[in-house]
Amino acid sequence: MNEFSGENVRRPKTLVAMGRPVATRLLNAQARSRLAMIADVDPHLVVDDFTGVDLSAVEVLYTSWGCPPVTAEVLASAPRLRAIVHAAGSVKHHVTDAVWQRGIAVSTAADANAEPVAEFTLASILYANKRVIDIARAYRSERENQDWDARFPGFGNYRRTVGIVGASRIGRRVIELLRPFDVEVLVSDPYLREDLGVTRVDLDELVTRCDVVSLHAPDLPETHHLMDAARLAGMRDGATLINTARAALVDQDALTAELASGRLYAILDHTEPEILPTGSPLYDLPNVLVTPHIAGSLGGELARMADLALDELARYARGLPFEHGVEPTSLSRSA
């Protein structure tokens, strides 16, 4: 059935609620056109504050980063609201307990946002084991060929061991992307029950066995400084820590000390603060690559999230359940 036709299809009254700069990047002309066909909506009207907004007829909120919290007060002025379709990852920033108490259906494009993070992580793992960043830096500086085998003994990806910390959406996708490569994959997650086709170990064992440790756990009180000084000290000499999750998972002071000693390598897409002070040694240490939170959806990748959310809105318009629905019970273990 075409999403715009059929006897079961209707056009629910929808409001776009997100940061205005986000809407400009997220909703290109094609997405706005499709949104207007699926829903009764002004695709150019973007709300980043519900104060004074008439919500009385709104049935669906199409949200993304910068959406204001949907509080009990907001819901009181939106008696017809039935669904929130989020064109981004975590819904914790705007979906309050009042939303769940009212039984409003919530969908997220977290699966779409997971893809570029997993791709970034895969590239980071392969580059880390191949010592690409180090060799490129040395070659640019010294501008002559060298015996790279002697300088980086055993470098390469064949039969290396990669540790995935957290069987989240992203962690699971990284495991899938690693399957074609001749690497051993270990996973550590206390909530994991199913068999992912890789070896499950506890975190303390994982850090001692792996050439690369990649973090994909949520930022929760129990994961604060999951990689503390003791676990960082337990990592193999020459191992690489990759963090595309949240800075709070790592004791950054302890990591900086290990990196300054030259014993470990790191690829960090999240730091604390997010923009490091200009004097931070992490900028200049040769064994560290710091990126400014770019692993997630940016540029053309935003269209993937917009499209997934529009698919969900089209399902809702046809009276079908969400494919990417969020259950409130899952939020205690998600980002």
Over 60° means perpendicular and under 30° means parallel, so tell me whether Phe155 and Phe152 are parallel, tilted or perpendicular.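 Phe155 vs Phe152 ring planes: perpendicular.
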
Answer whether the closest heavy-atom distance between the side chains of [X] and [Y] falls below 4.5 Å.
{"X": "Val74", "Y": "Leu55", "value": "yes"}
{"X": "Val165", "Y": "Leu226", "value": "yes"}
{"X": "Ile104", "Y": "Leu81", "value": "yes"}
{"X": "Leu255", "Y": "Leu259", "value": "yes"}
{"X": "Val290", "Y": "Thr271", "value": "yes"}
{"X": "Cys210", "Y": "Val162", "value": "no"}
{"X": "His86", "Y": "Val106", "value": "no"}
{"X": "Leu313", "Y": "Val60", "value": "yes"}

Please say yes or no: joined through hydrophobic side-chain contacts below 4.5 Å, possibly via intermediate residues, are [X] and [Y] part of one cluster?
{"X": "Val95", "Y": "Val47", "result": "yes"}
{"X": "Leu320", "Y": "Tyr316", "result": "no"}
{"X": "Val183", "Y": "Val213", "result": "no"}
{"X": "Phe120", "Y": "Leu241", "result": "no"}
{"X": "Phe322", "Y": "Ile38", "result": "yes"}

What distance separates [X] [atom1] from [Y] [atom2], expressed to the nearest 0.5 Å?
{"X": "Met227", "Y": "Asn243", "atom1": "CE", "atom2": "CG", "answer": "9.5 Å"}
{"X": "Ile84", "Y": "Ser107", "atom1": "CD1", "atom2": "OG", "answer": "10.5 Å"}
{"X": "Ile164", "Y": "Leu215", "atom1": "CD1", "atom2": "CG", "answer": "9.5 Å"}
{"X": "Glu73", "Y": "Phe50", "atom1": "CD", "atom2": "CZ", "answer": "12.5 Å"}
{"X": "Glu184", "Y": "Arg159", "atom1": "CD", "atom2": "CZ", "answer": "11.0 Å"}
{"X": "Thr208", "Y": "Asp204", "atom1": "OG1", "atom2": "CG", "answer": "8.0 Å"}

Intermediate values then yes/no, side-chain contact (heavy atoms from CB on, under 4.5 Å), Val85 and Leu61: CA-CA 6 Å; Val85 177; Leu61 291 176; over 6 Å; no

Run the side-chain contact (heavy atoms from CB on, under 4.5 Å) check on Arg231 and Asp228 step by step: do they pass? CA-CA 5 Å; Arg231 287 193 172 118; Asp228 57 14; 3.5 Å; yes

For residues Ala128 and Ile267, report the shortest heavy-atom separation together with the two atoms involved.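 Smallest heavy-atom distance, with atoms named: CB-CD1, 4.3 Å.
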
Where Val198 and Val185 come nearest, the two heavy atoms and their spacing: CB-O, 3.4 Å

Is it true that the NZ or CZ of Arg131 lies under 6.0 Å from the centre of Tyr265's six-membered ring and within 45 degrees of the ring axis?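 The answer is yes, since Arg131 meets both limits relative to Tyr265.
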
Backbone of [Y] reached by a side-chain donor or acceptor of [X] within 3.5 Å:
{"X": "Ser280", "Y": "Leu282", "answer": "yes"}
{"X": "Ser297", "Y": "Leu302", "answer": "no"}
{"X": "Arg246", "Y": "Ala217", "answer": "no"}
{"X": "Thr223", "Y": "Leu249", "answer": "no"}
{"X": "Asp189", "Y": "Ala167", "answer": "yes"}
{"X": "His270", "Y": "Glu274", "answer": "no"}
{"X": "Arg160", "Y": "Val212", "answer": "no"}
{"X": "Ser33", "Y": "Gln30", "answer": "no"}
{"X": "Gln252", "Y": "Glu272", "answer": "yes"}
{"X": "Arg143", "Y": "Arg140", "answer": "yes"}

For the pair Asp269 and Thr291, evaluate side chain to side chain donor-acceptor pair (under 3.5 Å) and give the outcome as yes or no after the intermediate values. CA-CA 5 Å; Asp269 192 53; Thr291 53; 2.6 Å; yes

Evaluate Arg173 against Glu176 for salt bridge (charged side-chain N to carboxylate O under 4.0 Å, His left out), listing each step before the verdict. CA-CA 5 Å; Arg173 183 59 180 143; Glu176 289 299 317; 5.4 Å; no

Between the side chains of Asp111 and His324, is a donor N or O closer than 3.5 angstrom to an acceptor N or O? yes

Whether the Ser214 and His216 side chains hold a donor-acceptor pair (N or O, under 3.5 Å, no angle test) is what I'd like checked. yes

Is a salt bridge present between [X] and [Y], judged by a nitrogen-to-oxygen distance below 4.0 Å?
{"X": "Glu194", "Y": "Arg172", "value": "yes"}
{"X": "Arg263", "Y": "Glu258", "value": "yes"}
{"X": "Arg304", "Y": "Glu301", "value": "no"}
{"X": "Arg10", "Y": "Glu59", "value": "yes"}

Under the criterion side-chain contact (heavy atoms from CB on, under 4.5 Å), I'd like the reasoning laid out for Leu192 against Val187: C-alpha separation, chi angles, the key distance, then a yes or no. CA-CA 9 Å; Leu192 179 61; Val187 64; 3.9 Å; yes

